[in-house]
Amino acid sequence: VCTCSDITIQKQAEAAVRAVADREIAVMRIVQRMRQTLDLEEIFAATTQELQQAVSCDRVWIYRFNPDWSGIVVAETLTDATALSTQAAS
């Protein structure tokens, strides 16, 4: 006797739980690195690096808004070191 079960929903739930756990670990690492310094530029650099690893993207910015909604990129992390940096253009 053989039985087959579709475990797609279970696998999707496991993947979702794993993703939440990975995000929580990333947030804990960011907070830990923030507590190690009072230097805002260092905090921004560490935050962009950790976020980039956590969400697996090629570029992360921290953008500082002015009251009129203009602003500047204050930190950026790039996967490709040869890619054009937004900060270099500023």
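Model, not experiment: these values are computed from the prediction. In what follows, every heavy atom counts, from backbone to side chain, and hydrogens, waters and symmetry copies are set aside.
Under the side-chain contact (heavy atoms from CB on, under 4.5 Å) criterion, Thr8 pairs with Asp6, Gln12, not counting sequence neighbours.
Side-chain heavy atoms closer than 4.5 Å link hydrophobic residues (I, L, V, M, F, W, Y) into clusters, and following such links, even through other members, never connects Met34 to Leu38. In the hydrophobic clustering of this structure, Val60 groups with Ile30; members are Ile, Leu, Val, Met, Phe, Trp, Tyr whose side-chain heavy atoms approach within less than 4.5 Å, directly or through other members.
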Item to check | Test side-chain contact (heavy atoms from CB on, under 4.5 Å) applied to Ile25 and Met28, step by step | outcome: CA-CA 5 Å; Ile25 290 168; Met28 287 187 307; 4.2 Å; yes
Listing, residues 42-56 side-chain donor-acceptor contacts under 3.5 Å, not counting sequence neighbours, or none:
unit_1 : atom_1 : unit_2 : atom_2 : d
Thr47  : OG1    : Ile43  : O      : 2.7
Thr48  : OG1    : Phe44  : O      : 3.3
Thr48  : OG1    : Ala45  : O      : 2.9
Thr48  : OG1    : Thr77  : OG1    : 2.5
Gln49  : OE1    : Arg33  : NH2    : 3.3
Glu50  : OE1    : Arg29  : NE     : 2.7
Glu50  : OE1    : Arg29  : NH2    : 3.2
Glu50  : OE2    : Arg33  : NH1    : 3.0
Gln52  : NE2    : Cys57  : O      : 3.4
Gln52  : NE2    : Asp58  : O      : 3.3
Gln52  : NE2    : Thr79  : OG1    : 2.8

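Annotation: Glu41, atom CD; neighbour count of heavy atoms from other residues, nucleotides and ligands within 6.0 Å does not exceed 12.
Residues Glu14 and Arg18 are in side-chain contact: their nearest non-hydrogen atoms beyond the backbone lie under 4.5 Å apart.
Arg64 contributes atom CZ, which lies 6.0 Å from atom CD1 of Ile72 (distance to the nearest 0.5 angstrom).
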